[in-house]
Amino acid sequence: MTIIDELRWRGLLADCTDLPALTERLQAGPITLYCGFDPTADSLQVGSLVPLLTLRRFQQFGHVPIALAGGATGMVGDPSGKSAERNLQSFETVERNIAAQQKQMSRFLDFGAGGARLVNNADWTRDVTLLEFLRDVGKHFTVNSMIAKESVRSRMEDREAGISFTEFSYMLLQAFDFLHLRQAHGCELQIGGTDQWGNITAGTDLCRKKIGATAWGLTLPLLLKADGTKFGKTAAGAVWLDPNKTSPYRFYQFFVRTEDADVVKLLRILTFLSPERIAELEQRVAADPGAREAQKVLAAEMMRLVHGESALEDARRASEILFGGSLEGVSEATFRDLAGEIPTKPAERSRLAGAGAPITELVVEAGLSPSKGQARKDAEGGGIYLNNARVTEPGLAVGETSLLFGRFLLLRKGKRNYALLDYSVEKA
């Protein structure tokens, strides 16, 4: 199987400027390719994994990937897929974001000797004067061809939003990147999402017009759900690769909750599992969708790639807790991740002093039962749990020794109705 066969089978091949010629070139030997990453945040998102993992796939086939950080283009803003002008960022913010993203990229690409390269387009753009840029790059593009690009045309059709000259010029900057990489590193291929087609073809055109060099562009499909909505978003916002922005537990759960209609496609696009293994999981989805085996495999693979084996085990432990699993050996960090998923109420620590507080009162305080009488009946029926252990004595008094990590009480009614009392701050 060639890299083109691999991309086609995984559903990663959307379009190419000249697929037969590129296929022939790839068969002749290793090629250098690049993809740009937008430094608008201090972390990559789940959607960034499609091009990033595609670079990794090329590297596995012996090719040389370049990850380009947009230190220059990030100061301008790409209009592709955007309905309004972006807020411009300061140089310091862009540099900080790039440093954070570069650290994340090193988990996916081998930057060792003779391996992948990491470049910043500010290095070859910052010293170019406006007149030099207009003369050496701008003269090779007509306004007619630029406004024909979808990313520009869609914005021009919106008379209220429009498009500034700043964002209008973005495709020239990206084309300049391809030209520089073609000359400095022998880079022959640029990859990106389908929304980058106009920018990519601008680069292949500039390489041909300016230096008479062959260059190709290849686009990858945007990561969409079966209903057409963008993948990688939740009600709380984007799903980030940075564990401080999206906790490993929430990252794991995001993939576990993947719809059956999407899971096989995501296994192909985002994992390195074999066709045979994915076919096996596809059969299991059809035979027993309730088991959600494919989703669990997808979540595990993504956790290993992004956060590592240890974080995967912690996420699994946290998930088991919500299904009544033991709290023995769980770390405080894992429990804190879990705490964000459970309704939490502040509580008075002084109530646990001395003889402690009746379990029935705590169940009512947590909102699991409407009255102490009902809470007692629930406990007598074996339906109340304290720190995932069934309460066998309805008159149980709970003291400070029951606090998890000196702070929490985890209460449960029935199989899935959880609540958390947080005793970290005294009420006024």
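Residue numbers count from 1 along this sequence.
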task = Please test L44 against M105 for side chain to side chain contact (heavy atoms under 4.5 Å, CB included), starting from the C-alpha separation and ending with a verdict.
result = CA-CA 9 Å; L44 298 171; M105 289 178 189; 4.2 Å; yes

request  = Show the numbers, then the answer: is there a ring-ring contact (aromatic ring centres under 6.0 Å, His included) between Y249 and F335?
outcome  = CA-CA 10 Å; Y249 171 76; F335 190 82; over 10 Å; no

request  = Please assess F58 against L26 for the test side chain to side chain contact (heavy atoms under 4.5 Å, CB included), listing each intermediate value before the final yes or no.
outcome  = CA-CA 10 Å; F58 269 93; L26 290 168; 4.3 Å; yes

ask   = When you check the side-chain N and O atoms of N417 and Y385, is any donor under 3.5 Å from an acceptor?
value = no

Close side-chain approach of L181 and W124, heavy atoms under 4.5 Å = yes

query = Distance-only, no hydrogens or angles: does the D5 side chain make a donor-acceptor pair with backbone N or O of T2 under 3.5 Å?
reply = yes

inquiry  = If we ignore hydrogens and angles and just use 3.5 Å, is the side chain of K245 paired with the main-chain N or O of W240 as donor and acceptor?
reply    = no

request  = Please determine if R277 and E280 form a salt bridge, counting it only when a charged side-chain N lies under 4.0 Å from a carboxylate O.
outcome  = yes

ask   = Salt bridge between R336 and E332, side-chain N to carboxylate O under 4.0 Å?
value = yes

query = Counting N and O atoms only, with roles assigned by atom type, does the side chain of R304 sit under 3.5 Å from a partner on the main chain of A299, one being a donor and the other an acceptor?
reply = no

message = Using a 3.5 Å distance criterion without hydrogens, assess whether the side chain of K265 forms a donor-acceptor pair with backbone atoms of L223.
response = no

request  = Please examine the side chains of L267 and E282, heavy atoms only from C-beta on, and report whether any two atoms are closer than 4.5 Å.
outcome  = no

task = Work out which heavy atom in C35 is nearest to a heavy atom in L55; give both atom names and the distance.
result = CB-CD1, 4.0 Å

query = Which heavy-atom pair separates P51 from I191 by the least distance, and what is that distance?
reply = O-CD1, 4.0 Å

query = Looking only at atom types and distance, does a side-chain atom of R412 sit under 3.5 Å from a main-chain N or O of Y418, one as donor and one as acceptor?
reply = no

request  = Looking only at non-hydrogen atoms, find the nearest pair between R317 and S326 and report the distance.
outcome  = NH2-O, 3.3 Å

ask   = Going by the salt bridge (charged side-chain N to carboxylate O under 4.0 Å, His left out) test, which pairs reach into residues 56-72, not counting sequence neighbours?
value = E6-R57

ask   = Counting only N and O atoms by type, is there a donor-acceptor contact under 3.5 Å from the side chain of T258 to the main-chain atoms of Q295?
value = no

key: E309 side, atom CD; M303 side, atom CE - distance, nearest 0.5 Å   = 9.5 Å

task = Can you see which heavy atom on F178 is nearest to which on I200, and at what distance?
result = CD1-O, 4.4 Å

task = Please say whether more than 12 non-hydrogen atoms of neighbouring residues, nucleotides or ligands are located less than 6.0 Å from CD in E24.
result = no

Test item: R8 and L19 side chains (from C-beta on) under 4.5 Å apart, heavy atoms = yes

V64 versus G115, closest heavy-atom pair with distance = CG1-O, 3.6 Å

task = Check step by step if side-chain hydrogen bond (donor to acceptor under 3.5 Å, both in side chains) holds for E188 and T214.
result = CA-CA 7 Å; E188 300 174 65; T214 301; over 6 Å; no

request  = Any pair with a residue in residues 170-187 that passes salt bridge (charged side-chain N to carboxylate O under 4.0 Å, His left out), sequence neighbours left out, goes on the list, sorted by first then second residue, please.
outcome  = none

Nearest-0.5 Å distance, OH of residue Y170 to CE of residue M146 = 13.0 Å

request  = For atom CD of E259, decide whether the heavy atoms of other residues, nucleotides or ligands shown that lie under 6.0 angstrom number more than 12.
outcome  = no

key: Q174/Q196 under side-chain hydrogen bond (donor to acceptor under 3.5 Å, both in side chains): CA gap, chis, key distance, verdict   = CA-CA 10 Å; Q174 186 163 323; Q196 291 295 308; 3.3 Å; yes

ask   = Which value, rounded to the nearest 0.5 Å, describes the distance between L49 atom CG and L270 atom CG?
value = 6.0 Å

message = Are the side chains of I278 and T271 in contact, using a 4.5 Å heavy-atom criterion?
response = yes

ask   = Quick check: does any side chain N or O of R25 sit under 3.5 Å from a backbone N or O of G29, one acting as donor and the other as acceptor?
value = yes

key: Residues K139 and D136 bridged, charged N to O under 4.0 Å   = no

ask   = Just by modelled atom types, is the D38 backbone N or O under 3.5 Å from a matching donor or acceptor in the Q101 side chain?
value = yes

message = Closer than 4.0 angstrom, basic N to acidic O: yes or no for R208 and D205?
response = yes

note = Residues I98 and A69: closest non-hydrogen pair is CG2-CB, 3.7 Å

request  = Answer yes if the side chains of Q104 and S43 hold a donor-acceptor pair under 3.5 Å, and no otherwise.
outcome  = yes

Flag side-chain contact, heavy atom, 4.5 Å: N387 against V398 = no

query = So do the side chains of L173 and F133 get within less than 4.5 Å of each other, counting heavy atoms only?
reply = yes

Result of checking L421, I321, L386 against L410 for side chain to side chain contact (heavy atoms under 4.5 Å, CB included) = I321

key: Backbone of G217 reached by a side-chain donor or acceptor of T17 within 3.5 Å   = yes

request  = For the residue pair W216 and L33, establish whether any side-chain heavy-atom pair is separated by less than 4.5 Å.
outcome  = no

T219 backbone acceptor or donor facing D15 side chain under 3.5 Å = no

task = Look at atom NZ of K415 and say whether more than 12 heavy atoms of other residues, nucleotides or ligands are closer to it than 6.0 Å.
result = no

key: Within residues 90-116 or reaching into it, pairs that qualify as salt bridge (charged side-chain N to carboxylate O under 4.0 Å, His left out) - sequence neighbours excluded   = none

query = Between CG of L68 and CG of N120, what distance do you get to the nearest 0.5 Å?
reply = 7.5 Å

query = Say you draw a straight line from CD1 of I3 to NE2 of H63; how long is it, rounded to the nearest 0.5 Å?
reply = 6.5 Å

message = I'd like to know whether H307 forms a side chain to side chain contact (heavy atoms under 4.5 Å, CB included) with L312, so could you lay out the CA-CA distance, the side-chain angles of the two residues, the decisive distance to 0.1 Å, and finally the verdict.
response = CA-CA 7 Å; H307 296 301; L312 168 60; over 6 Å; no

request  = Output the distance between atom NZ (K209) and atom NE2 (H140), rounded to the nearest 0.5 Å.
outcome  = 8.5 Å

Minimum side-chain heavy-atom gap V46-F255 below 4.5 Å = yes

Stepwise side chain to side chain contact (heavy atoms under 4.5 Å, CB included) test for R292 and D260 = CA-CA 8 Å; R292 303 187 71 76; D260 291 340; 4.0 Å; yes

